[in-house]
Protein chains: 2
Amino acid sequence: MLPGASSEKSELYRIMTGMCSTSFDVGSSFLPSDSFDQAFCDSSSESAQRALAALRNHKEAEKRRRERINSHLDKLRSILPCSSKTDKASLLAKVVERVRELKQEAAMMEQTSRKTESYCLIPSESDEVTVYSSSDDGGRLIFKASLCCEDRSDLMPELIGILKSLRLKTLRAEMCTVGGRIRNVLVVAADSEHSIESIHFLQSALKGLVQKSSDTSADRSKRRRMAASAARQLRS
Amino acid sequence: MLPGASSEKSELYRIMTGMCSTSFDVGSSFLPSDSFDQAFCDSSSESAQRALAALRNHKEAEKRRRERINSHLDKLRSILPCSSKTDKASLLAKVVERVRELKQEAAMMEQTSRKTESYCLIPSESDEVTVYSSSDDGGRLIFKASLCCEDRSDLMPELIGILKSLRLKTLRAEMCTVGGRIRNVLVVAADSEHSIESIHFLQSALKGLVQKSSDTSADRSKRRRMAASAARQLRS
DNA sequence: GACCACACGTGAGTC
DNA sequence: TGACTCACGTGTGGT
């Protein structure tokens with residue numbers, strides 16, 4: 001039996017029949033509305049019959065409405081990473097988080113708009129590290145970090161390591177490498193442990209990364225200069 | 001008065017008091033539970049009193065549950081592009097669409113995984129156009145297009161024009177330019193007018209774009225060859 | 001008055 | 001048992 005099915009004793013029914021509700025029980029089967037109407041309502045006024053029909057319509061409409069809502073909730077359950085038995089409230093909490101992420105992300109992409117950057121992220125000659133943070137309006141904290149430096153093979157692994165150690169989840173990453181230099185634009189989400197202060201950790205970690213790159217390239221230039229000078233000396 | 005507040009006549013109340021429900025009306029004010037208990041329940045059994053308390057707890061807990069759910073729905077209303085008066089059902093429909101978009105996007109990024117591509121999208125020597133489509137499981141149709149060709153200044157405007165004319169919404173775009181060649185990876189969403197067949201239009205449009213690039217570069221090489229040959233002739 | 005969307009209180013099921 | 005989640009039927013206000 002469906003829950004709530006036995007509570008089908010509307011005030012209207014009781015008023016119409018003048019029955020004491022304690023002695024009236026429709027039983028556990030589905031209410032046989034038509035025969036009920038015949039049995040009890042033939043002698044009642046037509047307006048009461050119409051009211052009864054309206055009540056039945058209302059009941060069914062409400063059922064349809066519930067089904068509409070629940071079908072959407074089921075769709076969400078099937079889409080999101082959650083079981084089919086997560087309750088409505090926590091399901092909706094997950095959904096809120098997801099959608100917020102999307103919105104924050106979009107806002108961030110808009111805020112630090114492409115219009116102010118070269119469209120295809122072409123790296124500049126000078127090293128750079130910039131970190132923006134989204135306005136934290138109750139949602140998840142989102143950072144957008146941009147760095148530009150000499151490219152080297154272990155840059156990406158180290159960058160990934162930094163993000164992992166700071167427990168930052170990468171939402172988007174774009175990069176462009178030209179002539180040995182690389183520009184990297186990251187949109188990352190902080191977890192709930194982070195505050196807006198985390199921006200400093202991220203910034204200094206990225207600065208360290210870029211610094212190491214420039215050291216390496218300085219070494220390389222130094223070596224190159226030494227090699228050139230050695231060659232000159234050998235030639236002379 | 002809140003809707004439904006006057007229907008506070010539980011079966012338990014009626015059974016306990018043995019009243020005929022037609023003559024019993026608690027009125028429209030909030031039920032004064034304590035005085036009610038004193039008036040009607042002092043003579044009744046203790047178990048009945050406990051049942052009554054349980055019923056009150058239940059009622060309040062249920063109210064809290066509803067508030068929890070509705071607060072999440074309100075959050076969603078404030079986040080999504082919709083008024084504060086949109087239906088629960090249509091709100092949830094919008095949400096489903098949004099989340100589906102996210103999931104499709106992520107699945108697409110995973111499916112055509114980076115592992116099979118060079119990590120930083122480095123363009124290849126040969127021209128390429130590939131278009132994947134997401135498995136359309138009722139959600140929005142998503143295409144992932146990758147193209148690689150000679151770079152030229154009007155490539156981006158033309159690409160944007162193609163997407164606009166096909167009414168494809170760009171969800172993500174990544175690109176990498178190296179030594180005059182460009183690789184472009186796009187994730188785009190089709191609107192409801194599109195079918196899976198649209199993939200062919202997109203593909204041929206992109207092929208046209210790449211072809212034009214190679215024509216231009218062929219022209220350029222041709223011109224360069226002609227200039228070189230002319231110079232040789234002049235020198236001879 | 002008909003229709004719609006909502007909040008409510010309640011019975012039932014699950015853990 | 002109690003604490004919870006859910007579906008239901010209903011009263012009500014808005015169009």
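Chain A is the first sequence line, chain B the second, and so forth, proteins listed ahead of strands; every chain is numbered from 1.
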ask   = What integer distance in Å separates B:L92:CG from C:dA5:C1'?
value = 13 Å
key: Nucleotide C:dA7, atom P - distance to CD of B:E60 in whole Å   = 18 Å
inquiry  = Distance check needed: C:dC8 P versus B:K63 NZ, whole Å only.
reply    = 3 Å
key: Proximity to the side chain of B:R68 - top-ranked nucleotide from D:dC6, D:dG9, D:dT5   = D:dT5
request  = For A:R56 and D:dC8, give me the distance from atom CZ to atom P, rounded to whole Å.
outcome  = 17 Å
ask   = Does B:H72 reach the main-chain N or O of A:V95 with its side chain, forming a donor-acceptor pair under 3.5 Å?
value = no
inquiry  = Just to verify, what does B:R65 make a side chain to side chain donor-acceptor pair (under 3.5 Å) with, not counting sequence neighbours?
reply    = B:E62
task = Mark yes or no for a side-chain to base donor-acceptor pair under 3.5 Å between A:R66 and D:dG9, with no hydrogen or angle criteria applied.
result = yes
task = Would you mind telling me which of C:dC6, C:dA7, D:dG9 lies closest to the side-chain atoms of A:R65?
result = C:dC6
ask   = To the nearest Å, how far apart are B:K59 NZ and D:dT5 C1'?
value = 19 Å
task = Could you work out which one of C:dC3, D:dG11, C:dT10 sits closest to the side chain of A:N57?
result = C:dC3
remark   = The side chain to side chain donor-acceptor pair (under 3.5 Å) partners of B:E60 (sequence neighbours excluded) come to none
inquiry  = Let me spell it out: for each of B:E62 and B:D87, pick the nucleotide of DNA chain C with the closest heavy atom. Which residue's pick is nearer the 5' end?
reply    = B:D87
message = I'd like to know if the side chain of B:R77 and the backbone of B:T86 have a donor-acceptor N/O pair within less than 3.5 Å.
response = yes
ask   = To the nearest angstrom, how far is B:L55 atom CG from C:dG11 atom P?
value = 6 Å
message = Just the rounded figure in Å: distance from C1' of C:dC15 to NZ of A:K85.
response = 11 Å
message = Here's a test of your reading of the structure: between B:A54 and A:H58, which maps to the more 5' nucleotide of DNA chain D?
response = B:A54
note = note: B:R64, atom CZ; D:dT5, atom C1'; distance rounded to Å ~ 13 Å
ask   = So, the side chain of A:S204 versus the backbone of A:H200: is there a donor-acceptor pair under 3.5 Å, distance only?
value = yes
